[in-house]
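Okay, structure first, notes after.
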2 protein chains.
Amino acid sequence: MPRAGLSRDAVARLALDVVDAGGADGFAGLTLAQVASRAGVATPSLYKHVGSLAALRREVATRAVRELTAAGSRATVGRSGPDAVRALAHAWRSYAQEHPGRYAATQVSPDPDDPAQAEHREAAAESVAVAVAALRGFDLPDDGVIDAVRAARSAVHGFVALELGGGFRMPQDLDRSFEALVTMLVAGIAALVPQESR
Amino acid sequence: MPRAGLSRDAVARLALDVVDAGGADGFAGLTLAQVASRAGVATPSLYKHVGSLAALRREVATRAVRELTAAGSRATVGRSGPDAVRALAHAWRSYAQEHPGRYAATQVSPDPDDPAQAEHREAAAESVAVAVAALRGFDLPDDGVIDAVRAARSAVHGFVALELGGGFRMPQDLDRSFEALVTMLVAGIAALVPQESR
DNA sequence: GCTCACAGGCTATGCCTATTAGCCAACGGT
DNA sequence: ACCGTTGGCTAATAGGCATAGCCTGTGAGC
């Protein structure tokens, strides 16, 4: 009975592969059986490394969020203002296009009260911090920053979710529409700057 | 053995109730067993009225889309331009808040090739038509309309999805942030109007 | 180099889904 | 009153998660 040499980390990596292989709903379709099969192991064996399917899902989600954070961070370093926002928006969309399943994982929010989700919460907070940093170039008041981050996340996530879900059926160029959306977003954020500081 | 008096329509209604009772992921969590239980019937009996769980899901989705269309239509009749867009955005969000499960159902896109999904496709097209009509007041060129509809759907859907999913964790007022987003959207759409026709 | 505790596999089992097959009673038209 | 169709049912298959309990390979300590 040879050992497969699994570990919590190895299982999580395999799960990420499964999620990626499943397309846009690879995350929703993630199954312990698939991971076990990929690991060459019987399903119950996974419980030696992972508490439950839900726990594995959380693990996948926090890893995906960290990847998204890294992508956003890479894209915005050295940029500021409108330039940074544009770069961030494109980085988010690119990540979603390259890893639709992982992107979906990125969008489940951690329970604010569950201590088992502290890591996930922290990862999510870091991701938002990147967006906040990208907005530093604008002279926004505190609650303006909140509105702007929410608007940016909403606009990009909404577009990407509809795009990946096949929600845009017209043949017209999606890249151009996204560009238009980002332009609206940047202009809208700029318009949040109070009059006296323009 | 008394009869329960079910029908395709009755089953769909019960399914809508189940979806509604399940909160934001009531649609994903929809199960034949739940519907059967609510109908006071054994699970396999449902197959006399519904082809499969997937088919029931589609039925629920198209009904939900029609409801959303009706809500949008009600909200925008008699309005035009920025006023219509604002009203539409608020109608969409209100529907999502009142029926989180059904709203989720409205966001699955029909397969463009599957003849079994023709009704769903048609319902989705009508929903988009409402948005197009709401934009009539702007003097947009054809592809500008497409960009604008996509932007509106993206912005509102993104916000609502994040909101319902608990993605906004700051205590700041969500209504205000939504208002800010809608304002950006309206201004952005206005900015799509070509110079010479302003 | 031996022993032995433990970690990491396994099978068996239970309960939940969806789905199919086949039975039988109730209802409605003739 | 009959009888066919419709709409229930039970039984059974297959696949999912999860738990229990066994058994063996590995490595730490002597």
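Chain naming here is simple, since letters A, B, ... match the order of the sequence lines and numbering starts at 1 in each.
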base_contact_polar (C:dG9 base, A:Arg3 side chain, donor-acceptor, <3.5 Å):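 Under the 3.5 Å cut-off, the side chain and the base do not form any donor-acceptor pair.
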Is the phosphate of [N] approached by [X] (side-chain N or O, under 4.0 Å from OP1 or OP2)?
| X | N | result |
| --- | --- | --- |
| B:His49 | D:dG8 | yes |
| A:Ser45 | C:dC10 | yes |
| A:Thr31 | D:dC17 | yes |

Pick the nucleotide of DNA chain D nearest each of B:Ser7 and A:Tyr47; which residue has the one closer to the 5' end?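 Looking at the nearest nucleotide for each, B:Ser7 comes out on the 5' side.
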When hydrophobic residues are tied together by side-chain contacts of less than 4.5 Å, even through go-betweens, does A:Val186 share a cluster with A:Val130?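 Yes, A:Val186 and A:Val130 fall within the same hydrophobic cluster.
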A:Phe168 ring center near A:Phe159 ring center (under 6.0 Å):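 Ring-ring flag for A:Phe168/A:Phe159: true, centres closer than 6.0 Å.
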Rounded interatomic separation in angstrom, taking CG from A:Leu46 and P from C:dG8: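 The distance from CG of A:Leu46 to P of C:dG8 comes to 13 Å, rounded to the nearest Å.
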Rounded to whole Å, please give me the gap between CG in A:Leu53 and C1' in C:dT17.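 Whole-Å distance recorded here is 14 Å.
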Looking only at side-chain atoms of [X], point me to the closest of [options].
| X | options | result |
| --- | --- | --- |
| A:Leu32 | C:dA12, D:dG8, D:dC17 | D:dC17 |
| A:Ala42 | D:dA18, C:dT19, C:dC10 | C:dC10 |
| B:Lys48 | D:dT19, C:dT19, D:dG7 | D:dG7 |

For B:Arg136, is the CZ atom crowded, meaning more than 12 foreign heavy atoms sit under 6.0 Å from it?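 At most 12 heavy atoms, drawn from other residues, nucleotides or ligands, come within 6.0 Å of this atom.
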Under 4.0 Å, counting only non-hydrogen atoms across every strand here, what does B:Thr43 touch: a base, just sugar-phosphate, or nothing?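 Base contact - B:Thr43 has a heavy atom under 4.0 Å of at least one base atom.
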Applying the salt bridge (charged side-chain N to carboxylate O under 4.0 Å, His left out) test to B:Arg66, which of B:Glu126, B:Glu122, B:Glu119, B:Glu59 qualifies?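 Among B:Glu126, B:Glu122, B:Glu119, B:Glu59, the one meeting salt bridge (charged side-chain N to carboxylate O under 4.0 Å, His left out) with B:Arg66 is B:Glu119.
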